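Below is one structure, written out as structure tokens; comments come after it.
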Amino acid sequence: MMSSVYPTTVHEWMNAIRRPTPYRVGNARLHLKTRTLVYSVMFLAAVIILMIFIIPSRRVSRETCIDEGIHLETNYDYTYPLSPPQKIGDGLMFKIGLIADLDQNSKSDKKKNTWISYLHEGGRGMELSELLVFDGKLCAVDDRTGVVYHIVKRQMIPWVVLADGDGNTPKGFKSEWATVKNNRMYVGGLGKEWTSIEGVVENLNPQWVKSIGPGGDVRHEDWHVYYNNMKKAADIQFPGYIIHESGGWSEIHQRWFFLPRRASHLRYTEKEDERRGTDLMFIANEKFTDIKVKHIGELSKTRGFSSFKFIPETNDQVIVALKSEEVSGKIASYLTIFKIDGKIILKEKYVGDVKYEGIEFI
């Protein structure tokens, strides 16, 4: 925990997020200010209290999976969340983490050609876009280099390197979302054809998904049909597009859930894309042949989903999600809570003027 005092209401929890704390990741000192994020990566502890009934958590037990004939990787650590929730009255108190992707702002303002991270590439440094508990470990994915990290005692330990597309390219995979399915980590990209800034298609590499086992083996899966089926479900045809930054698998529902960042019926352009936020949620069966589309909250043209997680002990009925905004250089993040039927529990609340792209119960 970053603080010895837990917030006791949603309002106090939101305030706690705005009070960053300096700490170290490896040899780099990270100092987070109220309005300015000095360095590139951050995860902070915060607490959320929900008035909920005590019902099964989202991770299915090994015994249940065996009964249902689901193949499991051996020796998997089912611990989730990493810190057990505390019961307060009729509610539960959870510890959560947020992670930020600062793009070019990860560059040091003190030393030339220096980034406060273990890796730098193409003029940009560590850009962590998702946070996930997998096999009992806290993991983060880098959307610039394709590196999957273990976060151990506030150190970033490189674990797996994901190559772009089918795995036979020198470029790192632009990892945007991550989830756990049948004890394997699934890491996905934007789900949109890779285009130039004018919208000309160059390749389909962002429509591949990586499946990683607890031992670090990587499988490369072509998902272009799955992504295109979601476009069809939303009545969007090329050159229209959907950009995905958050996706998750529910073992309880045996369904995929996707909350996209951007969507448009028009051709992609870098400038116009800033105002193509979405309120969409896709719920699909395993092969994306049965897809339901829901609308969540009020549509904001400048805001879109960047990460979400099912709240433990809600039977995968309640979601906490981050939405981010990047318009004409202005960056901001918001948090919302809602049920999978679309009912809003907590309307969008301002989190900070940084781009949070990952949330997890830790």
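All of these numbers come straight from a predicted model, not from anything done at the bench.
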Decide yes or no for [X] and [Y]: does some side-chain heavy atom of the first lie under 4.5 Å from some side-chain heavy atom of the second?
{"X": "Asn205", "Y": "Trp194", "value": "no"}
{"X": "Thr145", "Y": "Val161", "value": "no"}
{"X": "Phe94", "Y": "Gln86", "value": "no"}
{"X": "Ile243", "Y": "Asp273", "value": "yes"}
{"X": "Lys294", "Y": "Ile283", "value": "yes"}
{"X": "Leu162", "Y": "Ile212", "value": "yes"}
{"X": "Lys210", "Y": "Arg219", "value": "no"}
{"X": "Trp249", "Y": "Gln254", "value": "yes"}

So does [Y] get a backbone contact from the side chain of [X], meaning a donor-acceptor N/O pair under 3.5 Å?
{"X": "His253", "Y": "Asp316", "answer": "yes"}
{"X": "Thr169", "Y": "Asp164", "answer": "yes"}
{"X": "Asn315", "Y": "Gln317", "answer": "no"}
{"X": "Lys231", "Y": "Gly240", "answer": "yes"}
{"X": "Thr269", "Y": "Glu272", "answer": "yes"}
{"X": "Gln207", "Y": "Gly191", "answer": "yes"}
{"X": "Tyr80", "Y": "Ser83", "answer": "no"}
{"X": "Thr278", "Y": "Arg262", "answer": "no"}
{"X": "Asp353", "Y": "Ile331", "answer": "no"}
{"X": "Glu251", "Y": "Asn182", "answer": "yes"}

Using the rule that two of Ile, Leu, Val, Met, Phe, Trp, Tyr join whenever any of their side-chain heavy atoms come within less than 4.5 Å, decide whether [X] and [Y] are in one cluster.
{"X": "Met185", "Y": "Phe173", "answer": "yes"}
{"X": "Phe282", "Y": "Tyr186", "answer": "yes"}
{"X": "Leu128", "Y": "Phe361", "answer": "yes"}
{"X": "Tyr227", "Y": "Tyr241", "answer": "no"}
{"X": "Ile99", "Y": "Val351", "answer": "yes"}

Restricting to non-hydrogen atoms, name the atom on [X] and the atom on [Y] that form the minimum distance, rounded to 0.1 Å.
{"X": "Gly277", "Y": "Leu299", "value": "O-CD1, 3.6 Å"}
{"X": "Leu98", "Y": "Tyr356", "value": "CB-CD2, 3.9 Å"}
{"X": "Leu280", "Y": "Ala234", "value": "CD1-CB, 4.5 Å"}
{"X": "Ile359", "Y": "Ser307", "value": "N-OG, 3.1 Å"}
{"X": "Pro81", "Y": "Ile362", "value": "CB-O, 4.1 Å"}
{"X": "Lys339", "Y": "Ile345", "value": "CG-CD1, 3.8 Å"}

Asp143 side chain to Ser175 side chain, donor-acceptor N/O pair below 3.5 angstrom:
no
May I ask you to check whether His220 and Asp166 show a side-chain donor-acceptor distance below 3.5 Å?
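Per modelled atom types, His220 and Asp166 side chains form no pair under 3.5 Å.
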Lys/Arg N to Asp/Glu carboxylate O, [X] vs [Y], below 4.0 Å:
{"X": "Asp341", "Y": "Lys343", "answer": "no"}
{"X": "Glu325", "Y": "Lys323", "answer": "no"}
{"X": "Lys301", "Y": "Asp279", "answer": "no"}
{"X": "Glu130", "Y": "Lys309", "answer": "yes"}
{"X": "Glu202", "Y": "Lys171", "answer": "no"}

Going from [atom1] on [X] to [atom2] on [Y], what distance comes out if it is rounded to the nearest 0.5 angstrom?
{"X": "Ile319", "Y": "Ser246", "atom1": "CD1", "atom2": "OG", "answer": "9.0 Å"}
{"X": "Ile242", "Y": "Lys192", "atom1": "CD1", "atom2": "NZ", "answer": "12.0 Å"}
{"X": "Asn228", "Y": "Leu204", "atom1": "CG", "atom2": "CG", "answer": "8.5 Å"}
{"X": "Glu221", "Y": "Ser211", "atom1": "CD", "atom2": "OG", "answer": "5.5 Å"}
{"X": "Met156", "Y": "Cys139", "atom1": "CE", "atom2": "SG", "answer": "9.5 Å"}
{"X": "Leu322", "Y": "Glu348", "atom1": "CG", "atom2": "CD", "answer": "11.0 Å"}

Run Glu198 and Lys271 through salt bridge (charged side-chain N to carboxylate O under 4.0 Å, His left out) and show every step you take.
CA-CA 10 Å; Glu198 295 83 15; Lys271 184 62 178 178; over 6 Å; no
Given the rule in the side-chain contact (heavy atoms from CB on, under 4.5 Å) test, do Lys347 and Thr336 qualify, once you have shown the distances and angles that lead to the verdict?
CA-CA 5 Å; Lys347 292 184 178 180; Thr336 182; 5.8 Å; no
Dump the intermediate steps for side-chain contact (heavy atoms from CB on, under 4.5 Å) on Tyr268 and Glu193, then the final yes or no.
CA-CA 10 Å; Tyr268 174 89; Glu193 305 87 351; over 6 Å; no
Taking the six-membered ring where the residue is Trp, are the ring centres of [X] and [Y] under 6.0 Å apart?
{"X": "Tyr78", "Y": "Tyr76", "value": "yes"}
{"X": "Phe257", "Y": "Phe310", "value": "yes"}
{"X": "Trp159", "Y": "His150", "value": "yes"}

List the atom pairs, donor and acceptor, that lie under 3.5 Å between side-chain atoms in residues 286-293 and the rest of the protein, sequence neighbours left out.
residue: Glu286; atom: OE2; partner: Lys181; partner atom: NZ; Å: 2.6
residue: Thr289; atom: OG1; partner: Asn285; partner atom: ND2; Å: 2.8

Just one of Arg261, Arg275, Arg303 clears the salt bridge (Lys or Arg N to Asp or Glu O under 4.0 Å) bar with Glu326, so which one?
Arg261
Let's go through Thr79 and Lys137 carefully: what are the C-alpha distance in whole Å and the side-chain angles of both, what is the deciding distance for side-chain contact (heavy atoms from CB on, under 4.5 Å) to 0.1 Å, and is it a yes or a no?
CA-CA 9 Å; Thr79 304; Lys137 303 176 183 67; over 6 Å; no
Determine whether Val327 and Thr302 satisfy the following criterion, side-chain contact (heavy atoms from CB on, under 4.5 Å), listing intermediate values before the conclusion.
CA-CA 7 Å; Val327 182; Thr302 60; 3.6 Å; yes
